[in-house]
Amino acid sequence: MSDKPQLNVTHLTSLNGGTKKIMIKFKKFTLKNGLRVLFHEDNSTPIATINTVYNVGAKDEEESRTGFAHLFEHLMFGGSVNIPEFDAPLQNVGGQNNAFTSNDITNYYITLPKQNIETGLWLESDRMLSLAFTPESLEVQRSVVIEEFKQRYLNQPYGDIWLLMRPLVYSTHPYKWATIGKEISHIEEATMEDVKAFFFKFYNPQNAILSIAGDLKFEEVKSLVEKWYSDIPEGIKYERNLPKEPKQTEARFLEVKRNVPQNAIYKAWHICDRMHPDYYAIDLLSDILSRGNSSRLYQELVKDKGLFTEIGAYQMGSMEPGLFIVSGKVKEGVEMETANQAILECLESVKKELTTKDELTKVINKIESTDTFNHMSGLNKAMRIGYWELLGDANLCNQEMEDYGKVTAEDIRRVAQEYLIDTNCSTLYYLSESNS
Amino acid sequence: MTELNRKTAPDFKEIDSINFQLPDISTLDNSIPYIEYNLGSQELIKIDLVFRAGVKYQSKPLQASMTSEMLREGTTNFNSLEIANKIDFYGAFLETDLNSDFATVSLYALNKQLDYVLPMLKEVVTLSNFPKKEFDKKINIKKQKYLIGQEKVETLASKAYSHVVFKGTKYANHTTLDSFDKISHEDCISFFNECYNINEMDIFVAGKVDSKVKTRINELFGQEALTHSVPEFEIGQNTYLPSFQFIEKKEAIQSSIRIGSPLISYEHPDFTKLKVMNTIFGGYFGSRLMANIREEKGYTYGIGSVVMAKENMGNLIIYTEVGTDVTQATLDEIRKEIKLMQTEKVSEEELYKVKNYLLGSLLQNTDGVFDQLERYKTLYYFNLPNNYYSKYIEEVRATTPEEIITLANTYLNDLSFIVAGSQSVS
């Protein structure tokens with residue numbers, strides 16, 4: 001969820017994929033206050049990127065104060081301790097910026113003409129130092145976020161699906177609420193004290209990674225970063241200790257009726273975390289099922305049987321144990337049970353038979369070409385090394401393609417058998433009031 | 001060491017030029033235009049085939065979009081699955097894009113895979129046969145999406161906007177639920193035969209392009225003799241009249257607002273400076289509309305104003321989604337901001353910021369070979385001179401506060417107001 005609308009930027013999904021042939025080369029250093037800094041020299045562009053990822057997401061919120069990480073992201077644009085406005089000075093030097101919050105991270109980025117990189121570092125470092133914390137800013141951003149809640153989740157057909165799915169699938173882990181929050185009242189009740197406490201808990205150099213990409217020299221970048229970031233107090237290190245989700249032992253089911261024209265079905269299975277070796281096989285399994293028009297779910301359920309008008313499968317890619325999702329809109333006149341069974345049958349076939357060599361080559365080829373496209377963007381590269389550093393080691397981003405390449409047909413069958421089982425599944429029937 | 005001064009912005013440099021490069025322009029043997037950007041940093045390539053097959057050429061609603069979407073659904077030699085398999089297997093992407101004026105068929109591929117997928121590009125633009133079975137599935141899916149769209153206030157407002165602003169022209173959107181029953185696969189065949197004529201297309205190639213690419217494309221597309229047959233076309237007389245429309249959508253908790261009018265386009269000498277005026281008003285995150293209605297009042301998640309240019313006319317759109325309870329207040333504030341633009345001189349400081357922002361955007365929008373190609377297409381299709389972007393920089397820099405007032409009075413005028421929501425406003 002990003003802070004500002006109408007900007008065409010790369011989304012989180014582009015963090016997936018990698019290659020052994022095209023590397024992102026970078027240099028790393030750490031300031032005394034604990035801030036980790038990565039720099040990727042890129043001579044192909046006049047634009048520099050400054051990306052800052054904070055190790056805080058909606059999962060770090062208290063259950064009685066959800067939506068806070070995201071509300072806070074909005075406040076980061078309301079002026080910092082020494083600079084009354086964040087956007088105007090950046091616009092003045094030809095720069096642009098945005099941010100997004102997920103359940104795992106809060107990510108801020110600036111793109112600007114490389115000669116003006118210092119303006120970006122000045123602005124970004126000041127809001128890491130401290131915010132202005134004006135009551136006006138809190139009041140306004142509170143309303144903006146409430147309107148965002150309405151626009152994206154309540155006033156949209158199917159908009160509340162994740163507000164329903166998350167608590168169905170997660171009983172304990174904080175992934176059970178969406179980034180926007182459980183309910184509007186949590187945002188309405190946020191106080192300035194809450195806001196300050198949140199800032200000082202999470203927004204410090206030890207809990208952040210700064211990654212920079214552009215046609216600049218390492219020494220120059222290092223000295224500018226030292227100039228603007230060295231005097232920021234290190235703060236207290238945040239130790240994450242989240243409740244673990246107990247193993248699901250029986251199938252869960254929820255049915256709702258809404259004013260939508262078409263029935264929809266959502267199915268979710270618990271899977272591994274991002275760093276687990278099964279991650280790549282699961283990702284390729286989702287591609288085999290639903291990437292491109294030649295994929296299995298599309299061909300079987302949309303084209304051949306005509307049971308769905310759209311269908312997709314993906315894994316959430318979250319840092320902690322995540323979800324494998326199959327979701328689709330059911331064609332008018334088709335029984336929900338028939339639609340559900342058809343999905344299960346399609347999954348049964350990947351559990352029984354090995355995928356062919358061609359099918360595996362196909363999804364690997366697609367990942368390789370997508371990855372090559374992603375390397376064209378400086379923003380993408382800066383975001384990616386920062387994200388991997390947060391996962392544990394930025395170098396691993398250059399190893400992803402190799403890891404995909406190692407996946408075998410047996411692996412794909414095995415993960416399908418292991419994870420996509422009934423007792424591990426939650427199903428949502430999202431029914432049209434007019435159809436039923 | 002002296003203490004760091006965090007209160008004052010560091011020195012910066014203005015943008016006075018951009019590195020916009022012109023492509024290599026040539027033709028195939030049969031004189032089809034071939035435009036190539038060989039600037040890529042990665043081993044990949046994009047090929048765009050552009051046809052004069054946009055929505056404005058259709059004789060009934062959905063004809064252009066269904067034809068474009070059906071291009072991957074079957075040819076005389078391959079069925080839909082075979083096409084998808086071939087493209088997907090080589091990690092390529094075959095995409096179709098449609099706007100009011102043009103239909104584009106794009107192929108993206110890694111250089112090493114290009115030879116395997118290029119023939120499929122020719123296949124779909126020359127031998128598509130629009131199987132009825134595939135058409136029926138597709139139209140049903142599209143109908144479902146249309147019905148979902150009808151539940152959104154923004155869809156209702158946009159459509160009413162199109163009726164009002166493009167009235168009398170082929171740019172007005174006349175799609176209704178009925179249209180889905182009145183369109184057939186035969187309509188696609190006739191539109192395809194009429195508008196997807198390779199004799200009339202332009203070929204754009206961008207990426208890391210080696211010399212064999214043009215040879216290959218020439219073998220595929222350059223050998224057939226050209227027979228020019230531009231379909232007759234009239235855009236129609238725009239009979240725009242400013243109006244106010246309220247579209248009721250029961251139970252909506254937000255209203256969608258669209259405000260606008262027909263406008264000048266690239267050919268008009270005011271166009272660049274008009275963009276400067278619009279940027280101040282509603283064209284960027286720091287704009288007057290955003291500062292007032294989002295950042296000060298908190299009425300909305302987003303609001304903006306855009307100057308659009310289609311081939312035959314331009315138009316202005318002010319757009320936002322706001323809470324039902326603040327819809328009237330938002331309309332009043334928008335009117336107030338328009339008045340302010342027309343009566344009070346913008347400060348030098350604000351104007352300077354907007355100029356820098358606009359030139360920064362231009363720099364960002366010419367970053368990378370695909371962006372350069374898109375910027376060039378604007379020159380190509382609007383018949384603009386090759387030095388257009390350097391003139392643009394000069395004109396942006398030269399814009400004065402007095403000119404902004406004049407422009408606001410000339411162009412933020414005779415506007416129509418359209419609101420879709422649950423509570424009537426004025």
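Letters go in sequence order (proteins before strands), and every chain restarts at 1.
Of the atoms belonging to B:K138, it is side-chain heavy atoms, and not backbone ones, that fall under 4.5 Å from chain A. No part of A:D287 comes within reach of chain B, as not one of its non-hydrogen atoms sits under 4.5 angstrom from that chain. Only the backbone of B:N5 comes within contact range of chain A, with heavy atoms under 4.5 Å apart. If you measure heavy-atom distances from B:S41 to chain A, the contacts under 4.5 Å come from the side chain alone. Interface remark: B:T8 contributes backbone atoms only to the contact with chain A (heavy atom separation under 4.5 Å). At a 4.5 Å heavy-atom cutoff, the contact between A:R291 and chain B is made by backbone and side-chain atoms alike. Using a 4.5 Å cut-off between heavy atoms, B:Y299 touches chain A through its backbone atoms (N, CA, C, O) alone. Heavy atoms closer than 4.5 Å to chain B are found nowhere in A:N43, neither backbone nor side chain. For B:E154, the part sitting under 4.5 Å from any heavy atom of chain A is the side chain, from C-beta outward, and nothing else. The contact between B:V153 and chain A is made entirely by side chain atoms (from C-beta outward), counting heavy-atom distances below 4.5 Å. At a 4.5 Å heavy-atom cutoff, the contact between B:K145 and chain A is made by side-chain atoms alone.
The greatest number of non-hydrogen atom pairs below 4.5 Å with chain A, out of B:Q150, B:K137, B:E14, is found for B:K137. Taking B:L81, B:L147, B:N85 one by one and counting their heavy-atom pairs under 4.5 Å with chain A, the maximum is reached by B:L81. If you tally non-hydrogen atom pairs under 4.5 Å between each of A:K303, A:E136, A:K329, A:Q156 and chain B, the highest count goes to A:K303. The candidate with the highest count of non-hydrogen atom pairs below 4.5 Å against chain A, out of B:K152, B:Q144, B:E151, B:E321, is B:Q144. Ranked by heavy-atom pairs shorter than 4.5 Å toward chain B, the options A:T361, A:T119, A:T111, A:L129 are led by A:T111. For the set A:S295, A:A88, A:S80, A:G306, the entry with the most heavy-atom pairs within less than 4.5 Å of chain B is A:A88.
Once rounded to the nearest 0.5 Å, the distance linking OG1 of A:T45 with CG of B:N19 reads 10.0 Å. How far CD of A:Q115 is from CG of B:L363: 7.0 Å, rounded to the nearest 0.5 Å. Rounding to the nearest 0.5 Å places CG of B:N356 at 5.0 Å from CG of A:N92. Remark: A:L90 CG to B:F285 CZ distance equals 12.0 Å, nearest 0.5 Å. A:S369 contributes atom OG, which lies 12.0 Å from atom CD of B:Q42 (distance to the nearest 0.5 angstrom). To the nearest 0.5 Å, atom CD1 of residue B:I148 and atom OG1 of residue A:T309 are 6.5 Å apart.
Checked by atom type, the side-chain pair A:E368/B:Q113 shows no donor-acceptor distance below 3.5 Å. Checked by atom type, the side-chain pair B:R6/A:S125 shows a donor-acceptor distance below 3.5 Å. No donor-acceptor contact under 3.5 angstrom links the side chains of A:T372 and B:E43, judged on distance only.
Within the 4.5 Å cutoff, side-chain heavy atoms of A:P46 are placed close to those of B:D367. Side-chain contact between B:V369 and A:M376 is present, with at least one heavy-atom pair separated by less than 4.5 Å. Within the 4.5 Å cutoff, the side chain of B:F12 has no heavy atoms near those of the A:P113 side chain. Using a 4.5 Å heavy-atom threshold, the side chains of A:Q96 and B:Y284 count as separate. At a threshold of 4.5 Å between non-hydrogen side-chain atoms, the residues A:V145 and B:Y301 do not count as touching. No side-chain heavy atom of B:E295 sits less than 4.5 Å from a side-chain heavy atom of A:E85. In this structure, B:I141 and A:V302 have side chains that are in contact, with non-hydrogen atoms separated by less than 4.5 Å.
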With a 3.5 Å cut-off and sequence neighbours excluded, list the donor-acceptor pairs that the side chains of residues 86-94 of chain B form with protein atoms.
unit_1: B:D88; atom_1: OD1; unit_2: A:K366; atom_2: NZ; d: 2.6
unit_1: B:D88; atom_1: OD2; unit_2: A:S294; atom_2: N; d: 3.2
unit_1: B:D88; atom_1: OD2; unit_2: A:S294; atom_2: OG; d: 2.6

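Shown here are the side chain to side chain donor-acceptor pair (under 3.5 Å) partners of B:T327, two or more places apart in sequence or in another chain: B:S255.
Scanning all heavy atoms of the two residues, the minimum distance from A:N155 to B:A252 falls at OD1-CA, 3.7 Å. Summarising the geometry of B:L4 relative to A:K227, their closest heavy-atom pair is CD2-O, 3.2 Å, with the distance given to 0.1 Å. Annotation for B:K7 and A:W122: closest pair O-CZ2, 4.1 Å, computed over non-hydrogen atoms. Counting all heavy atoms, side chain and backbone alike, A:Q91 lies closest to B:G286 at NE2-N, 3.3 Å.
Taking the charged nitrogens against the carboxylate oxygens, B:K13 and A:E118 have no contact shorter than 4.0 Å, which rules out a salt bridge. Using a cutoff of 4.0 Å between basic side-chain nitrogens and carboxylate oxygens, A:E147 and B:K297 are not scored as salt-bridged.
Within 6.0 Å of atom OH in B:Y116, 12 or fewer heavy atoms from other residues, nucleotides or ligands are found, so the atom counts as exposed in its surroundings.
Ring orientation note: the planes of A:F373 and B:F370 are tilted relative to one another, at an angle of 30° to 60°.
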